Amino acid sequence: MYFRIVVFLLTLSSISCVAVSHRVLTSDRGSSLFKKESVHFIFTGFYRYEKEKQSIQQKLIEQGFTELNDSDKVVEIILQKKETEYPSDILHSVNWFLTFFSAGMFPYQIQSENTLTFRYVEKGQLLREITYNLRMDQYRGILIAPFTPFYWPNDVFRKQIHETINLETNSL
């Protein structure tokens, strides 16, 4: 009987996940104007995010770009996952053990960080590159189970990408 309760609690804690978004940070390189004409879109790193890719492309088209595959103007959009560096690996390990041995009563905290880069290239020359840092903290545990439907990590990540799209299109 106790074994079933422990298995149930561990299962519940493993599917209960909440994400909290941080502010999107930007770094800009180059300030040349890029005319909104026919461009070739290149998407890198979107193999699991097809809807987000389509959303970015649609938003850029709404801003005045038209897609032409053999254009000498290129807009390259790169999504990369960054390796997480915790301030203290020891505290992170202690947090994991507390979560495991308490059957999820102490939430386990994970940091997730991605970058979304927009590169504007004309005739092989980089005119502008802007990188957006997307960071969120994720918590797993039984006590956060009621919040899971409202702060699911994939939904929070999509909102961050949409915020980034809006920031980028407003800067053009």
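Nothing fancy with the numbering, it's 1 onward along the sequence. Just so it is clear, the structure is predicted and the values come from calculations on it, not from any experiment.
Each of E50, Q58, E52 was scored for a side-chain hydrogen bond (donor to acceptor under 3.5 Å, both in side chains) with Q54, with one residue passing: E50. Across I165, I161, L167, a single residue satisfies side chain to side chain contact (heavy atoms under 4.5 Å, CB included) together with Y132, and that is L167.
The structure places CZ of F46 at 4.0 Å from CD1 of I56, a figure rounded to the nearest 0.5 Å. In this structure, CZ in F41 is found 5.0 Å from CG in L60, a value given to the nearest 0.5 Å. In this structure, CG on L126 lies 7.0 Å from CZ on R119, to the nearest 0.5 angstrom. To the nearest 0.5 Å, the span separating CE on M136 from CG on N114 amounts to 6.5 Å. Distance check, rounded to the nearest 0.5 Å: CH2 of W96 to CG of L91 gives 16.0 Å. Atom OG1 of T164 is separated from atom NZ of K59 by 12.5 Å, given to the nearest 0.5 angstrom.
Q109 has its side chain within reach of Y86: a pair of non-hydrogen atoms, C-beta onward, lies under 4.5 Å apart. Annotation: side chain of E76 is in contact with side chain of T44 (closest heavy-atom distance under 4.5 Å).
Scanning both residues, T169 and N166, for their nearest heavy atoms gives OG1-O, 3.3 Å. Taking both residues in full, the closest heavy atoms of V156 and S21 are given as CG1-CB, 3.7 Å, listed atom of the first, atom of the second, then distance. In plain terms, the two heavy atoms of S38 and T66 that are nearest each other are OG-OG1, 3.0 Å.
By the criterion of side-chain heavy atoms lying less than 4.5 angstrom apart, applied directly or through intervening Ile, Leu, Val, Met, Phe, Trp or Tyr residues, L116 is grouped together with V39 in one hydrophobic cluster. Residues F100 and I110 fall within the same hydrophobic cluster, defined by Ile, Leu, Val, Met, Phe, Trp and Tyr side chains chained together at heavy-atom separations under 4.5 Å. Note on V75: it clusters hydrophobically with Y49, by side-chain heavy-atom contacts below 4.5 Å among ILVMFWY residues. Cluster membership for F106 and I144, using ILVMFWY side-chain heavy atoms within less than 4.5 angstrom, is not shared. Hydrophobic clustering keeps V20 apart from L25 (ILVMFWY residues linked when any side-chain heavy atoms are closer than 4.5 Å, directly or through intermediates).
Remark: side-chain polar atoms of S55 are not paired, donor with acceptor, to backbone N or O of K51 under 3.5 angstrom. Under the 3.5 Å distance criterion, the side-chain polar atoms of D70 are left unmatched by any main-chain donor or acceptor of H40. Judged by distance alone, with hydrogens and angles left aside, the side-chain atoms of Q160 form no donor-acceptor pair with the main-chain N or O of V24 at under 3.5 Å.
Between F147 and Y139, a ring centre-to-centre spacing not shorter than 6.0 Å is recorded. For an aromatic pair to be called close, the ring centres must be under 6.0 Å apart, and Y108 with H92 satisfies this.
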Walk me through whether T115 and E113 qualify under side-chain contact (heavy atoms from CB on, under 4.5 Å). CA-CA 7 Å; T115 61; E113 198 166 349; 5.9 Å; no

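A 6.0 Å sphere centred on NZ of K81 holds more than 12 heavy atoms belonging to other residues, nucleotides or ligands. The environment of CD in E62 is crowded: more than 12 heavy-atom neighbours from other residues, nucleotides or ligands sit within 6.0 Å.
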